[in-house]
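For reference, the structure discussed in these notes is given below.
The model shown is predicted, which means the values in this text are computed figures rather than measured ones.
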Amino acid sequence: MPKHLRYYALLFQSLFILPIAQANEWDWVPRESLTPQQQASLNQYCRGSYIDGWEVSDGENTTLLADLIYRDEQGTIHMEGAASLRQPDSNIDANRIQGVPDEYYKADGNVVLRAENQLIRSSSAFLSSNEANQTAQFDDAKFLSHSSGIRGEAAQITRAKDGVVFIEEGFYTTCEPGDISWQLYGTSIELNPNSGFGTAKHVQIRIDDIPVFYFPWLRFPIDNRRQTGFLFPFFSYDGDDNFALSAPFYLNLAPNYDATITPNVTTRMGPGPIPHGSDDNGYGLDVEFRHLSQWGETTFEQSTYYDDAGNEATLRKLTSDQQLTDNFSIGTYLEDNPTPDETPEINTTSLGEKDNYERSTYARYNYDNFSTDIQVRQYQTPDPDEEKPLEWLPRVNASYRYADPTFSYSPDVQFTDFYDPEEDDVDGKRSALNQDFSISGNNSWGNITVGAIHQYRTYDLHRYNTNSDETTDVNHLSYYLDTGVIFERSLANRWRQTLEPRLTYLNSPYVEQSDIPDFDASEATMTYSQAFSHSRFSGNDRIGDTEQIALGLESRFYDTNNVNRWTLRGGQVFYMKDRRVDIDGDTGEVVDNDKRSAILTSASYNGDTYTLTNNFNYDLDQERVDLAQTAMKYTPDSGVVLNLSFSYVYDEDDDEMTKQSNFSTIIPLNENWHLFHQQTYDWLDEEETKKVNGLGYENCCVKVSLSHQRWRDDDGIYDEGIYLQFILRSLSGVGRQNSDTSSIANDYWNAGKVGY
């Protein structure tokens with residue numbers, strides 16, 4: 001077995017949970033004994049909670065209680081048998097207590113100190129009550145913070161007047177009593193609740209009492225406050241013996257801005273020479289800067305990497321969204337690749353390799369039913385062989401919505417100045433006005449809506465191939481009628497079923513559009529819902545001609561709790577005229593003479609543990625399936641997660657056809673261990689495009705996953721890797737997700753609802 005795999009196996013073997021023992025000494029209450037409100041606050045893997053039973057004492061005086069209390073000749077008070085010292089902010093109980101009031105107290109035998117959110121048990125203790133030096137020292141001690149869940153043991157614990165706790169030869173953890181999934185050991189540990197951080201010397205992080213990390217010195221958080229310091233590193237090791245390490249350093253510069261600096265290193269670990277200029281050896285630096293103002297957040301990210309030949313690869317990204325008033329906001333989104341055809345070998349930022357890098361800015365104003373915005377959008381295209389997208393210089397939108405039970409009116413205005421950076425086709429200015437008027441009548445058993453859509457376009461175009469300018473416009477009016485009826489009946493099992501026939505008539509006359517370019521038009525996939533749309537195309541460059549009737553029938557089934565469980569739908573579109581407008585080419589010639597669409601069906605089920613969605617289109621004339629989509633998810637109470645999907649979309653162009661299935665599952669082996677698997681298969685290429693196999697473990701204080709992943713990237717090249725991740729609750733996390741592709745491994749990582 002390879003050395004690194006032996007380490008992984010050792011780590012997983014060490015995560016078995018010890019039985020809970022002596023939980024009562026930790027103020028521990030099992031889940032079943034908690035109130036419903038307390039149980040609701042626990043994550044699914046926690047078996048109970050610490051409950052602080054300490055109550056503030058009445059008055060400001062110190063109370064002494066014991067079986068025997070006396071004062072000796074030197075003025076020392078002796079308390080023997082069930083001794084208790086009760087003060088306004090703390091209580092201490094022991095077999096024996098002696099001391100001088102306002103100076104010190106010494107306790108021996110079964111010492112228990114209680115204060116708000118704090119419990120300490122020890123064999124002996126010394127407490128200085130001198131106002132100038134109020135300290136406490138405990139020997140052979142155990143300690144607990146109820147709110148954070150931090151508990152531990154130490155040879156000696158000292159608590160200073162300012163609340164700082166010093167631990168000698170001890171450990172702390174956030175695991176439940178009897179659970180030693182992880183512990184932080186140190187010869188000297190300081191926990192400072194004032195700063196929210198702890199420091200430790202000669203540190204061991206132990207998993208099931210087995211040391212897995214050593215640090216000569218370590219600084220770590222003990223609450224949610226942000227602090228400057230190193231975060232835990234990321235590392236990876238692939239099948240080509242390449243090792244990668246990232247060590248992020250966090251800078252808490254101010255309450256409203258911070259930064260993270262991450263050095264990255266890659267190196268070849270295996271035998272054999274390294275080619276000159278290879279990226280097997282290299283180094284880089286990633287930077288993230290975040291600023292939070294009273295209006296919004298700004299983030300800057302940069303990743304730079306140098307291979308062993310000195311070649312640079314850099315990516316940069318700036319995002320900013322500012323809500324200046326309740327109605328007005330502005331924002332910027334800038335991506336940049338200043339090193340064309342090169343991207344960093346290691347990249348911990350949110351920006352990856354792209355064909356086109358967006359650069360845009362916007363301003364938006366909303367008031368009641370009125371909204372408007374202006375946006376400028378450009379792109380950087382590093383590869384000169386890639387076609388550069390059209391740019392907006394700028395685009396302005398304005399819209400208004402008015403609706404009452406009878407009448408609705410929705411005008412939309414858009415102006416766009418398109419620029420073709422290639423300067424080899426056509427660009428220009430486009431103004432568009434869309435107005436939707438409708439009158440409706442509704443009651444409990446049906447509805448009818450009559451409406452009209454007015455579409456106006458005007459273009460000022462420049463054609464580069466002829467170096468000519470031209471203007472053109474389109475003025476169009478279409479009409480529609482929507483109507484539906486609802487029938488309802490009760491079933492024998494007291495369920496309720498509806499039957500909802502619906503009809504839509506759409507008349508959109510043909511208008512000549514051959515001189516109009518396609519800037520942003522697209523055609524939606526025909527489904528049951530799309531059949532009742534009032535437009536064939538989206539975007540503003542094509543007005544689809546049609547005269548059609550869409551007929552549909554829906555049936556919904558409601559259970560005894562009035563929850564919609566089943567929805568069945570079927571319909572078809574009948575065309576009374578041939579269509580002469582398509583996205584590409586001149587208009588006027590018939591592009592579609594079908595008299596009817598495919599039969600459009602859908603079925604969905606919404607259960608407590610099972611959901612199903614299915615779309616199926618069948619063309620009777622061509623005797624062909626045009627679309628088949630199925631998605632199923634099964635999550636029974638046993639904790640199993642099962643996902644199954646299949647997608648088939650027919651296209652006359654074989655390259656645009658889709659036929660792919662995906663299966664993924666998470667299977668619990670017991671309360672804490674899980675297997676997960678994913679397999680994606682392309683039925684057209686007859687090959688597997690993704691495969692994930694993994695093993696995961698989770699309890700209340702630790703989560704671990706180890707997976708092997710193999711996938712095909714956008715260039716059709718296969719890659720694979722082993723990914724190890726784990727989180728120690730209230731300490732940190734180690735490992736790296738696969739940023740190249742989404743997978744069931746990431747779903748497992750986010751499914752536990754642990755909230756680390």
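- With contacts defined as side-chain heavy-atom distances shorter than 4.5 Å, the pair Y681/T689 does not qualify.
- Put simply, the side chain of N397 never gets that close to the backbone of D373: no donor and acceptor are under 3.5 Å apart.
- Rounding to the nearest 0.5 Å gives a distance of 8.0 Å between CG of N366 and OG of S399.
- When all heavy atoms of R536 and E523 are compared, the closest pair comes out as O-CG, 4.0 Å.
- No side-chain donor-acceptor contact under 3.5 Å links D559 and N493.
- Among residue pairs with one or both ends in residues 639-665, those qualifying as side chain to side chain donor-acceptor pair (under 3.5 Å) are N643-S664, S661-W683, N662-Q678, N662-T680; sequence neighbours excluded.
- Looking only at distances, no side-chain donor or acceptor of D541 sits under 3.5 Å from a matching main-chain atom of D518.
- Closest non-hydrogen pair, F532 versus L551, comes out as CZ-C, 3.9 Å.
- The closest side-chain heavy-atom distance from I549 to T504 is not below 4.5 Å.
- For the residue pair N699/Y697, the side-chain donor-acceptor check at 3.5 Å is satisfied.
- For the pair N443 (side chain) and W445 (backbone), a donor-acceptor distance under 3.5 Å is present.
- Between Y505 and T483 there is no side-chain heavy-atom pair separated by less than 4.5 Å.
- Between the side chain of N442 and the backbone N or O of N447 there is no donor-acceptor pair closer than 3.5 Å.
- The closest donor-acceptor contact from the side chain of E176 to the backbone of R47 lies under 3.5 Å.
- When only modelled atom types and interatomic distance are considered, D404 and Y402 share a side-chain donor-acceptor pair under 3.5 Å.
- Under a cutoff of 6.0 Å and an axis angle of 45°, R580 and Y510 form a cation-pi pair.
- Using a distance-only test at 3.5 Å, with no hydrogens or angles considered, a donor-acceptor pair links the side chain of D619 to the main chain of D621.
- Of the N and O atoms on the side chains of N693 and H677, at least one donor lies less than 3.5 Å from an acceptor on the other residue.
- Between Y409 and F437, the distance from one ring center to the other falls under 6.0 angstrom.
- Figure legend: cation-pi geometry between R596 and Y575 absent, as NZ or CZ is not positioned both under 6.0 Å from the six-membered ring centre and within 45° of its axis.
- The CD atom of E687 lies 6.5 Å from the CG atom of D682; values are rounded to the nearest 0.5 Å.
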Would you mind writing out the side-chain donor-acceptor pairs for residues 622-640 within the sub-3.5 Å range, not counting sequence neighbours?
{"residue": "R624", "atom": "NE", "partner": "D626", "partner atom": "OD1", "Å": "2.8"}
{"residue": "R624", "atom": "NH2", "partner": "D626", "partner atom": "OD1", "Å": "3.3"}
{"residue": "T630", "atom": "OG1", "partner": "N614", "partner atom": "OD1", "Å": "2.7"}
{"residue": "T635", "atom": "OG1", "partner": "T609", "partner atom": "O", "Å": "3.4"}

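- Of the N and O atoms on the side chains of D482 and H534, at least one donor lies less than 3.5 Å from an acceptor on the other residue.
- Under the 3.5 Å distance criterion, with hydrogens and angles disregarded, no donor-acceptor pair is assigned to the side chains of H454 and N434.
- Looking at R31, its side chain never comes within 3.5 Å of a backbone N or O of L42 through a donor-acceptor pair.
- The side-chain heavy atoms of W182 and D208, taken from C-beta on, include no pair separated by under 4.5 Å.
- Remark: I599 CD1 to Y618 OH distance equals 9.0 Å, nearest 0.5 Å.
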Practice item. Assess whether salt bridge (Lys or Arg N to Asp or Glu O under 4.0 Å) is satisfied between D436 and R401, documenting all intermediate values. Key: CA-CA 10 Å; D436 191 339; R401 300 289 183 268; over 6 Å; no
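- Residues forming a ring pair (Phe, Tyr, Trp, His ring centres under 6.0 Å) with Y50 (at least two apart in sequence, or on another chain): W28.
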Practice item. Kindly indicate, with the supporting measurements, whether the criterion disulfide (SG to SG under 2.5 Å) is fulfilled by C701 and C175. Key: CA-CA 5 Å; C701 66; C175 296; 1.9 Å; yes
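- With no hydrogens or angles considered, a side-chain donor-acceptor pair links S181 and D179 at under 3.5 Å.
- A donor-acceptor contact shorter than 3.5 Å is absent between the side chain of E720 and the backbone of Q709.
- Taking V591 as the reference, R579, D582 meet the side chain to side chain contact (heavy atoms under 4.5 Å, CB included) condition, with sequence neighbours excluded.
- No hydrogens or angles considered: nothing links the side chains of D594 and S597 as a donor-acceptor pair under 3.5 Å.
- Using a 3.5 Å distance cut-off with no hydrogens or angles, the side chains of S478 and S508 do not pair a donor with an acceptor.
- For the pair R556 and W566, the cation-pi criterion (under 6.0 Å, within 45° of the ring axis) is not fulfilled.
- Listed for the R542 side chain is a donor-acceptor partner under 3.5 Å among the backbone atoms of I583.
- For Q323, the side chain to side chain contact (heavy atoms under 4.5 Å, CB included) test picks out S329, with sequence neighbours left out.
- Going from atom CG of L675 over to atom CG of L695 covers 5.5 Å, rounded to the nearest 0.5 Å.
- At distances below 3.5 Å, at least one donor-acceptor pair connects side-chain atoms of Q38 with backbone N or O atoms of T35.
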Show which side-chain atoms of residues 600-607 pair as donor or acceptor with protein atoms under 3.5 Å away, not counting sequence neighbours.
{"residue": "T601", "atom": "OG1", "partner": "F616", "partner atom": "O", "Å": "2.8"}
{"residue": "S602", "atom": "OG", "partner": "R569", "partner atom": "NE", "Å": "3.0"}

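- Residues W673 and N670 come closest through the heavy atom pair N-OD1, 2.8 Å.
- Taking every heavy atom of both residues into account, E671 and H674 meet most closely at O-CE1, 4.4 Å.
- Cation-pi geometry between R710 and Y718 is met: under 6.0 angstrom from the ring centre, within 45 degrees of the axis.
- L144 CG to I150 CD1: the interatomic distance, rounded to the nearest 0.5 Å, is 9.5 Å.
- The CG atom of N672 sits 8.5 Å away from the CD atom of E698 when rounded to the nearest 0.5 Å.
- Between F676 and L706, the shortest heavy-atom distance links the atoms CZ-O, 4.1 Å.
- Closest non-hydrogen pair, S555 versus Q497, comes out as OG-NE2, 2.9 Å.
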